[in-house]
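We number each residue from 1, following the sequence as shown. Since we're looking at a predicted model, the values are computed, not measured. Every heavy atom of this structure was used, including side-chain atoms; hydrogens, water molecules and symmetry mates were not.
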Amino acid sequence: DAVILLAYGRGGSRPGPLAPLERVEEEARAAVRAAGDPARVVLGLAAVGWDWALGSTAPPREIPGALAKSTAEEQRSRVLRARDGTPHYFYEEGGWRHEVWFEDGRSLVVKLRAAKRMKLGGVAVWSLGYLDAEYWEALRRNR
């Protein structure tokens, strides 16, 4: 048997990374302690983004990571990177300023390397239909 650790969805109503690396590693260490063997822990990774309408009381909207990336390009938004490589950007629409955080191939590689370093049993990806070529390439190159 194995434990699939969903390493995303940090919760909260404030914009930020879906799966901050520090939290992913902390939760993975706890799962390894509970399972007794790192090979029994599979790291569940996301291929999604969250779009917050700043100042609105509405919860963030989940969007495919590939859509988040293409929206940034369409809006000519400058994509910024958090310390752990998680991309995010801002855009204006419908009178609201939006902040979007999402996972992509670069942020995935950081988490894949952590899974290897911790000798976890592998990774699983949520929302396979959300993947773009960069995400698939990151998975292929970092087995």
Query raised in the report: Would Glu26 and Arg29 count as a salt bridge (charged side-chain N to carboxylate O under 4.0 Å, His left out) if you check the C-alpha gap in whole Å, the side-chain angles of each, and the deciding distance to 0.1 Å?
Result: CA-CA 5 Å; Glu26 178 184 314; Arg29 282 191 295 275; 5.6 Å; no
**Report entry** side chain to side chain contact (heavy atoms under 4.5 Å, CB included) evaluation trace for Thr86 with Lys111
**Finding:** CA-CA 10 Å; Thr86 305; Lys111 292 163 184 86; 3.9 Å; yes
**Report entry** Phe102/Ile63 under side chain to side chain contact (heavy atoms under 4.5 Å, CB included): CA gap, chis, key distance, verdict
**Finding:** CA-CA 8 Å; Phe102 64 103; Ile63 57 175; over 6 Å; no
Report task. For the pair Phe90 and Leu80, evaluate side chain to side chain contact (heavy atoms under 4.5 Å, CB included) and give the outcome as yes or no after the intermediate values. Result -> CA-CA 9 Å; Phe90 299 89; Leu80 309 168; 4.2 Å; yes
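Scanning all heavy atoms of the two residues, the minimum distance from Asp1 to Arg40 falls at O-NE, 3.1 Å. In this structure, Tyr135 and Leu45 approach most closely via the heavy-atom pair OH-CB, 4.0 Å. Contact detail for Glu99 and His88: the closest heavy-atom pair is OE2-ND1, 4.4 Å. Residue Val42 comes nearest to Gly121 through the heavy atom pair CG2-C, 4.4 Å, listed as atom of the first residue, atom of the second, then distance. Closest approach of Glu134 and Asp104 over heavy atoms only: OE1-CB, 3.8 Å. Closest approach of Ala47 to Val125, counting heavy atoms only: CB-CG1, 4.2 Å.
The CD atom of Glu93 sits 6.5 Å away from the CD atom of Gln75 when rounded to the nearest 0.5 Å. Distance OH/Tyr91 to CG/Asp51: 3.5 Å, rounded to 0.5 Å. With values rounded to the nearest 0.5 angstrom, Arg61 atom CZ is found 7.5 Å from His98 atom NE2. In this structure, Glu27 CD and Glu25 CD are separated by 11.5 Å, a value rounded to the nearest 0.5 Å.
Taking a 6.0 Å sphere around CZ of Arg117, one finds it holds more than 12 heavy atoms contributed by other residues, nucleotides or ligands. Dense packing is recorded around CD of Glu92, with more than 12 heavy atoms of other residues, nucleotides or ligands lying under 6.0 Å away. Heavy atoms of other residues, nucleotides or ligands lying less than 6.0 angstrom from CD1 of Ile4 number 12 at most.
When side chains are defined from C-beta on, Leu43 counts as touching Val24, because their heavy atoms get closer than 4.5 Å. Contact of the Leu18 side chain with the Val48 side chain is registered, since non-hydrogen atoms from C-beta on lie closer than 4.5 Å.
In terms of hydrophobic clustering, with Ile, Leu, Val, Met, Phe, Trp and Tyr side chains grouped at heavy-atom distances under 4.5 Å, Leu139 and Met118 are assigned to a common cluster. Taking hydrophobic clusters as Ile, Leu, Val, Met, Phe, Trp and Tyr residues chained together by side-chain heavy-atom distances below 4.5 Å, Trp50 shares a cluster with Tyr8. Side-chain heavy atoms closer than 4.5 Å link hydrophobic residues (I, L, V, M, F, W, Y) into clusters, and following such links, even through other members, never connects Leu21 to Leu6. Cluster annotation: Trp136 and Val109 are assigned to distinct hydrophobic clusters (Ile/Leu/Val/Met/Phe/Trp/Tyr, side-chain heavy-atom contacts under 4.5 Å, transitive).
Between the Arg78 side chain and the Tyr89 main chain, no donor and acceptor come within less than 3.5 Å of each other. In this structure, Asn142 contributes its side chain and Leu112 its backbone to no donor-acceptor pair below 3.5 Å.
Residue Val32 is tested with Leu5, Leu120, Asp37 for a side chain to side chain contact (heavy atoms under 4.5 Å, CB included); the sole match is Leu120.
Looking only at atom types and distance, the side chain of Glu103 has a donor-acceptor partner in the side chain of Ser107 under 3.5 Å away.
A salt bridge does not link Asp84 to Arg23: none of the charged nitrogens lies less than 4.0 Å from a carboxylate oxygen.
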